[in-house]
Amino acid sequence: MFMSAASPTALFEGQVPLLKPWLGEEEVRAAAEVILSGWICQGQKVMEFERAVADFVGAKYGVATNACTSSLHLSLYLSGVRHGDHVVMPSHTCMATANAVHHAGAEPVFADIDPRTYNLDPESAEAAITPQTKAILLVHQIGLPGDSDAFRAITEKHGLALIEDGACTLGGTYKGRRVGGLGSPTAFSFHPRKMITTAEGGMITTDNEELAEKARMLRATGASISDLERHKAKGVLVQKYGDVGYNYRMTDIQAAIGLVQMTKLETMLEQRRDQADFYNRAIGVIDELEPPYVPDYATHAWSSYLIRIRENARISRDELLKRMADRGVSCRVGIQPLHHEPFYEARQGHLKLPASEIRAKDTMFLPIYPGMSEEQQVHVVESLKESLV
Ligand SMILES: *Cc1c(COP(=O)(O)O)cnc(C)c1O
């Protein structure tokens, strides 16, 4: 009943899913070509994909990895973050962001968000700076760019590095420029939940040539020469190891899928924008609900659509979620604060970040994805209205 014309699959039949990747025959063909070519690991396709993403965001270099987590890890390490350092970051984000800080040997210092944008609050971040702080990790959350200039000013004032987590904000703009091209190393994710997908995958975009070159080495065991370069040189080149590296490589199969996804990105952004406009209009007139806020400096990539349940609602957020599920609409609770996760409670004690805590309780995600029909959106809005009475 509520199937998308783009890629009907039995998995989603009869319900509106929270999200769905937009993949088709073109991606299948691109992946098949790579498989049949005989070069399936990191090679030419990865280089082309890096160029496509870097050009799109307006950065000089792109360095692909196997996930955003590893892109963040390398960005932190290459920005000078070492064992025992502190990294100021939001609590209101994906655990992966904090995991990357931990992998770099540093401790996340959680700061609060702006309760309207769900993005890191500059004042709270500045107040969280300690003598051990080496960097601020700005997360551009759920498709909405954070206030990049404010964080650039703070990091310059305190002599800190700025790293950006753009995992779900490919295509979002800040003062007319795309996230990833704002001047600091930025990590993207290509997990199915993000703007484009390669199943798993990530990328660092940067204007810093040295950082890009070192990231290329570290993602591939730390070798000074890539497999592709050695292959082209017919085996006469011998690699050197100047640092301990990782296996953070992306495959050419993934990159080929990513290249096709990049050709669809503008269309996907447009669809998400139209879907968000539709929700904004419909939800703006429901008393109990508040649509997302977008500050003047940003355009939203709408990787997610997060609504707030106002205090006047007669049912709780959790009851609303349950009633939506009963109507075949898959929603999800808003972002849960990391400082309340068992790992960080045990490490850092009981921290208070009021805005992050309130928004964890009074927000929920609605379905939004390319290929979602207007009929499905109408069903979501009608279900909300029915559920709220
Ligand atoms: C998804 C996500 C990540 C992790 O991305 P992976 O590619 O799964 O490693 C990191 N940060 C944010 C904000 C995310 O949404």
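Counting convention: from 1, in listed order, for ligands and their atoms alike.
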Residue pairs involving residues 46-72 (criterion side chain to side chain donor-acceptor pair (under 3.5 Å); sequence neighbours excluded): E50-R216, E50-R219, R51-D55, T65-S70, T65-S71, N66-S70
Quick check on the 6.0 Å ring-centre criterion: do F343 and H102 meet it? yes
If you apply the rule side-chain contact (heavy atoms from CB on, under 4.5 Å), what do you find for L138 with I163, and how did you get there? CA-CA 6 Å; L138 171 61; I163 293 118; over 6 Å; no
Find out whether the Lys NZ or Arg CZ of R116 is both under 6.0 angstrom from the six-membered ring centre of Y293 and within 45° of the ring's axis. yes
Which pairs count as side chain to side chain donor-acceptor pair (under 3.5 Å) when at least one residue sits in residues 272-282, sequence neighbours excluded? N280-Y305
For ligand 1, find each of its N or O atoms that sits under 3.5 Å from a protein N or O atom, and tabulate the pairs with distances to one decimal place.
{"from": "ligand 1", "atom 1": "5 (O)", "to": "S189", "atom 2": "OG", "distance (Å)": "3.4"}
{"from": "ligand 1", "atom 1": "7 (O)", "to": "C68", "atom 2": "N", "distance (Å)": "2.9"}
{"from": "ligand 1", "atom 1": "7 (O)", "to": "S189", "atom 2": "OG", "distance (Å)": "2.7"}
{"from": "ligand 1", "atom 1": "9 (O)", "to": "C68", "atom 2": "N", "distance (Å)": "3.3"}
{"from": "ligand 1", "atom 1": "9 (O)", "to": "T69", "atom 2": "N", "distance (Å)": "2.8"}
{"from": "ligand 1", "atom 1": "9 (O)", "to": "T69", "atom 2": "OG1", "distance (Å)": "2.5"}
{"from": "ligand 1", "atom 1": "11 (N)", "to": "T97", "atom 2": "OG1", "distance (Å)": "3.2"}
{"from": "ligand 1", "atom 1": "11 (N)", "to": "D165", "atom 2": "OD1", "distance (Å)": "3.4"}
{"from": "ligand 1", "atom 1": "11 (N)", "to": "D165", "atom 2": "OD2", "distance (Å)": "2.7"}
{"from": "ligand 1", "atom 1": "15 (O)", "to": "K194", "atom 2": "NZ", "distance (Å)": "2.6"}

Distance-only criterion, 3.5 Å: show the donor-acceptor pairs between side-chain atoms of residues 181-191 and protein atoms not counting sequence neighbours.
{"from": "S184", "atom 1": "OG", "to": "R152", "atom 2": "NH1", "distance (Å)": "2.9"}
{"from": "S184", "atom 1": "OG", "to": "E164", "atom 2": "OE2", "distance (Å)": "3.4"}
{"from": "T186", "atom 1": "OG1", "to": "S184", "atom 2": "O", "distance (Å)": "2.9"}
{"from": "S189", "atom 1": "OG", "to": "H191", "atom 2": "N", "distance (Å)": "3.2"}
{"from": "H191", "atom 1": "ND1", "to": "R193", "atom 2": "N", "distance (Å)": "3.1"}

